[in-house]
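Structure first, then comments.
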Amino acid sequence: MRTSKIAAGIAFAALLAVSSACGSDDSDDSSAAPSGRAALPSGTAADGSMNPVTVGFHNLEGGSISLADVRLGFEAGVKYVNEHLGGVNGHPLKAIACKTDGTPEASVNCANQFVEQKAVLAVQGADFGADAMLPVLKSAGLAELGSFPLTPGMDTAVGDAYFMQGSAEEGYAANLVQLKKLSASKVAVVMVDNPTSHETYDKVISPAAVKLGLETKVFYVPAQSDWTVQSATVLAWGPDAISTYVAADALAAVPAFRSAGFSGHITAGSNTEIIPQLDPSVLDKVLFSAPYYLPEFADIPAEVRGDIDAFAEYTSGLPKDGSVTQRQTGFYTALMAAQLLRDVGTKTDPLTAEVVHAGVKTWKGDRQPFRTNGWDCSKPSWPGTTACGTGNVYATPGADRTLAPLPDQPVDISAVLP
Amino acid sequence: MSEILLFLVLGLGVGAVYAALTLGVVLTYQGTGMINFAAAAMAAVPMYVYEELRHGRLTLPVPWLPSFDVGETPTWSAVAIAVAVAGLLGALTELAVSRPLRKAPPLAKVVAAVGILLTLQAVVGLKYGTVPLLRSVTLPQGVVELSGVNVAKDRLWLVGITLVLSVALAVWFKRSRMGLAIQASAENERAAGFARLSPNVTGLVTWTVSSMFTALILVLAGPATGTLSPSTMPLLVVPALAGALVARLSSLTVSLAGALTLGVVQSELQYLSQTKDWWPDWAKQGLTNVVPFVVIVVALFVLGRAIPTRGDDVRSSLPAVLIPRNRPRTVALWSAVGLAGLALTSGTYRFGVITSLAVSLIALSLVLLTGMLGQISLAQAAFAGVAGIVLSKLGDSVPFPLSLFIAATLAAVAGVFVGIPALRIRGAQLAVVTLAAALTLQDFVIANPKLVSATANLIPDPEIFGWDLSVRGGQSIARLPFGVLVLVIVVVAFVCVGNLMRAGTGRTMLAIRSNERAAAAIGINVPRVKLAAFAASSFLAGLGGGLIGYSRGQLSAESFGVFIGLSFLAVAYLQGITSVSGALLAGISASLGVVYVFMDRNLHLGSYYMLITGVSLILTVLFNPIGIAGKTRSDYEKARARFAPRRSPAKPAVRAVESGSGPAPVTTRRQIGDVTLSTRGITVRYGGVEAVSNIDIEVRAGEIVGLIGPNGAGKTSFVDALTGFARSSGQVELAGDRLDRRPAHDRARRGLVRTWQAGELFDDLTVADNVRVANETGNEALGMLRDIVRPSTPPAAAVERALALMSLTDVEERKPSELPLGRQKAVGMARALAIEPRVLLLDEPAAGLDSAESLAFGDQLRRIAGTGVGCLLIDHDMHLVMSVCDRVYVIEFGKQIAAGTPAAVRNDPRVLESYLGSQSFETAGVAADARAGREEVGS
């Protein structure tokens, strides 16, 4: 089961592993020192004499999939909050860092620790075993917060978990909307073979396709596939566009489709890390989506530039060979957690798990870090999910491999909402 | 049609990747007896080295060693370096792991392979990162047209290279002195010595060559392997093992064909299932992985044998079983310890105690199945998962504890299905088949979206008569009532299993574990016992899975996957798979158990946790192969023995005749009755060779009949045929009852009992239990239920008589291996007598005995025949045969050449010419001139 979990959860890479052209693992850490970066305005430090506000942070680290950079980014974010944003209404923000290995056992262990050590909020970096935490957190009245739900249980734990980006469902639907706008009519949907994919196709993609008048067919691929076989299978159906939900395997999938002669649009999720590894001719008509502005984007809005600068400043001391985007995800998550506690704490003091759990249900705001839009946790942005935010930006690499946003972004999904 | 052709060719590419691993696995198994579950993880290392070189870096798989910038490396240099690294890794594995474990039981080797897998997975993750990499293309690119189908050139190159290299490897394996030595060592290490090559050399060559062979093909395969990732790459070993199974882990050419076929079948299935509307939705999940395995398992089942035949390895080589005594005081003490463990802890530690208790049930299921019965199962986690699914499906519709009972029962049903192949496959092959079964349960059941929801598989909290037994409530993450509930279930289960182990069921299981053939020969229905054990063990695993489910509050399917099953087996083995205390220790050290919680809270191992786990596993297998519980008990026994009075050595059985200068006259009066055993036209063929040809014999009640002939005459084959251990034609009648279509155990139960030339005693049982187990056959499944409740029953009178008759009462509590050969033979006789046979077939009982022992044996034989048992004696000791037998049959090249009284036979010219030559025999005149019919003989 670990295998399917890995395959399933590898969707995380779609959202986390972005680097290189968008900041690769081996890049010069452009986010850490972007040219022309403005100095950070002076901020307020937390009051060290006040009791800290404790959150539990769980993240994959040390197992067969390790995302240590998410934790490093989160810790940098906590430091930024405490040194520059005044902590949580003056209280220092403190995190219980709990490393998971993707198994339910490790995640349950983290949840137990958070409850035992009186954390007021559970914060997820990236954790495939997180679903197993839900009964523990729910019983203790502890809410879960994160950037994106990697697992189906977290995606649908309405009232118990809250994720600040758009839901996975929105991503799937937006994908079809975008392809429809590009004149696709027969879309092959390629997914990792696991229960989540089957359920997602049946409940989200297929109904959305019907609403859009698209013909779709799903192809489930096992982990560790020979993509020559898989691409031949898909192309035997004769699609004019292909949506891939195979996470990092997009690296092999995209060239395989091109080698087999497919010249239509291919969507590759957020796997922009594949861009520098592929020939520009292969990347033609390959679409990528991004949850928020990345340091490498040109024309970053001014309000977002400040976030990018803070991120760069506070991650500048980290090793150069890490994943910038994983760090950005961690940093973003820390900022959102602090914002939640700050907002709820202004109404009720002291902060307890119950208070936070009750407060997050009506929590909303105007602008998230690294984004221009806001969030509203009082109503899921996609029905039945834990998403508080919305909006996906689609872009395609040019001849120089630079991502250029497509027209009319973010994608309007109102036509396919259930 | 063109698409079918396209996928056939593409499937060959996939098959080539499998072939690289399959041939490596088979070669390694032949040379070292180790099934290399880590083959794909090992191959990943040179693949990473190659990819790094293509990017101008030399990065060796040593965690603290930095990368070296080497600039642009020519492709073939990079290939050569990567293959060299593979060779080094293979050699290191041989020297550090495989060689020290050469004589270890198969189970230890399985565990070591799991340790290697975990270690390398961790090393690769630490060294090369966990983000998947795109494989570089090494072979020529482009497409060629074949019968109107465009096929990728690199796949054709890959298939061609694989075929050439595989054939070369097969020829080397078949023709070279080293290859022949490796094959010989697979059968018998001493035989390999005839090629003047030590096992150390063959082992080193095997590991090195197989690693380099696999690495070379996989490095060249490029994208055909899929992306390179430490989390998914090791899984490639699963289809490779399927190919290896097809080849029965022996033939390289069959392995090649099997792997290529598997690739093609997967490819075609992938195409058909994904593109054809008529393909049912429910059969799409995990299809390509599961179907080939199911076919292979079925094929192996059909081709396999219910009981091993001559030449099959029947040794279990497992550590000695520690039989629990289940004294009420001890049970109460341990229950109190458990209760204290729950009451004195709280929070995560109490949760750890609860998890340890629940997991100990899964480990206990392995103690029963693997420790007691010798059946290696990697599917226990899957059985636990089945129970978890059932609980989540039942929801609130069935109240606790009925819901838990139903869940465990359905897990037992799954266990019986998985156990069916175990009836015909054994040893390391069974480990692979259960791995396949676990994969099938994982993909087709536990992860099937038609059965399991991706989001909600809640398990309701247990409750009895309104009493809330839920694991958690509010801020309490581990409530005491739930802990007590788990403790009660665990104590009851441990007591029940302890009862089974010390009762007849336990003796029967140990008999099978020791020697399946001998077990069948004393009337044990081996298949039924195996299935019953699979059911009982799966029930236990199901209980454990159910309790884990209750502790989580929902089904977490990932807790019951294939690799979790491997880790359960590994931990159970290390803690002591042959003792119930080992099961407890396994629970304590399980994931989320007490030790896990302690380490997590106090030792921050971080990224090195997995590496430390893998290395620890290997080190423990190497230095403490009997497990921690076994070692503790062993040390305790040693300490106790130091202070206990020394026992006298086993007294020889022949003391009564030692002082005599000649054979003592036997006063036993025998009465020869009607024909009890008669055979007509017994014929045995091995391939084109007719080993036994139309042999007819008769044996009367109380009669001693000899069957003699030169070596290779077919005597043992004839006995094998009569007792159901060799396929034969012809009629076998025992007291008018046709036996020739009955299984071996049934023939024994009806009174046709044999002994073995090689003794074939149950080394895991004492002398008394060796004899007793033969008298406890029949109704194995019901007997199991009876033994749970009433484990202590006195031995039957027939057992006491047999022990007394063979003068074994003074060594009842010894192990057979502690006795001299003559007394071991007597144990074999007593075991056969305890069945109360009508006819006893004695296969060279005097072989290895000195003349005094032989004479004493003759006396015992007359006494046995005096009880009315007909005896057929096969032996080369002509003094014995001619002195005790009433009649003698002589066979040569499978054909009967003479029959009659000893006097008539020894004067038969054909017998003299072919067998006896000019030998003369002192027969003491004890049995000469016996005639058929009712007649008293003796002197």
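The chains referred to below are lettered A, B, ... by the order of the sequence lines, with proteins before strands, and numbering in each begins at 1. Below, all heavy atoms of this structure are taken into account, side chains as well, without hydrogens, waters or symmetry copies.
In terms of the side-chain hydrogen bond (donor to acceptor under 3.5 Å, both in side chains) criterion, A/R258 has no residue partners (sequence neighbours excluded).
Side-chain contact check for A/M133 versus B/R552: every heavy-atom pair is 4.5 Å or farther apart. Contact annotation: the side chain of B/F351 approaches that of A/V108 to within less than 4.5 Å [non-hydrogen atoms, C-beta and beyond]. Using a 4.5 Å heavy-atom threshold, the side chains of B/Q554 and A/D131 count as touching. Between B/R472 and A/P135 the shortest side-chain heavy-atom distance falls below 4.5 Å.
Contacts of B/R155 with chain A are made by side-chain atoms alone, with heavy-atom separations under 4.5 Å and no backbone atom involved. In this structure, chain B has no heavy atom under 4.5 Å from any part of A/K138. With a 4.5 Å cut-off on non-hydrogen atoms, A/A106 touches chain B through its backbone and its side chain both. With a threshold of 4.5 angstrom between heavy atoms, A/L142 does not approach chain B through any atom at all.
Taken to the nearest 0.5 Å, the CD1 atom of B/I477 stands 3.5 Å off from the CG atom of A/N112. Here the CG-OG1 distance, from B/L592 to A/T103, works out to 8.0 Å after rounding to the nearest 0.5 Å. Between the CH2 atom of A/W237 and the OH atom of B/Y271 there is a distance of 14.0 Å, given to the nearest 0.5 Å. Rounded to the nearest 0.5 angstrom, B/L10 CG and A/T233 OG1 are separated by 8.0 Å.
Interface remark: of the candidates B/T348, B/T355, B/V597, B/T348 forms the most heavy-atom pairs closer than 4.5 Å to chain A. For the set A/A140, A/A260, A/S139, the count of heavy-atom pairs under 4.5 angstrom toward chain B peaks at A/S139.
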| Stepwise salt bridge (charged side-chain N to carboxylate O under 4.0 Å, His left out) test for A/E116 and B/R350 | CA-CA 12 Å; A/E116 196 172 41; B/R350 183 187 287 163; over 6 Å; no
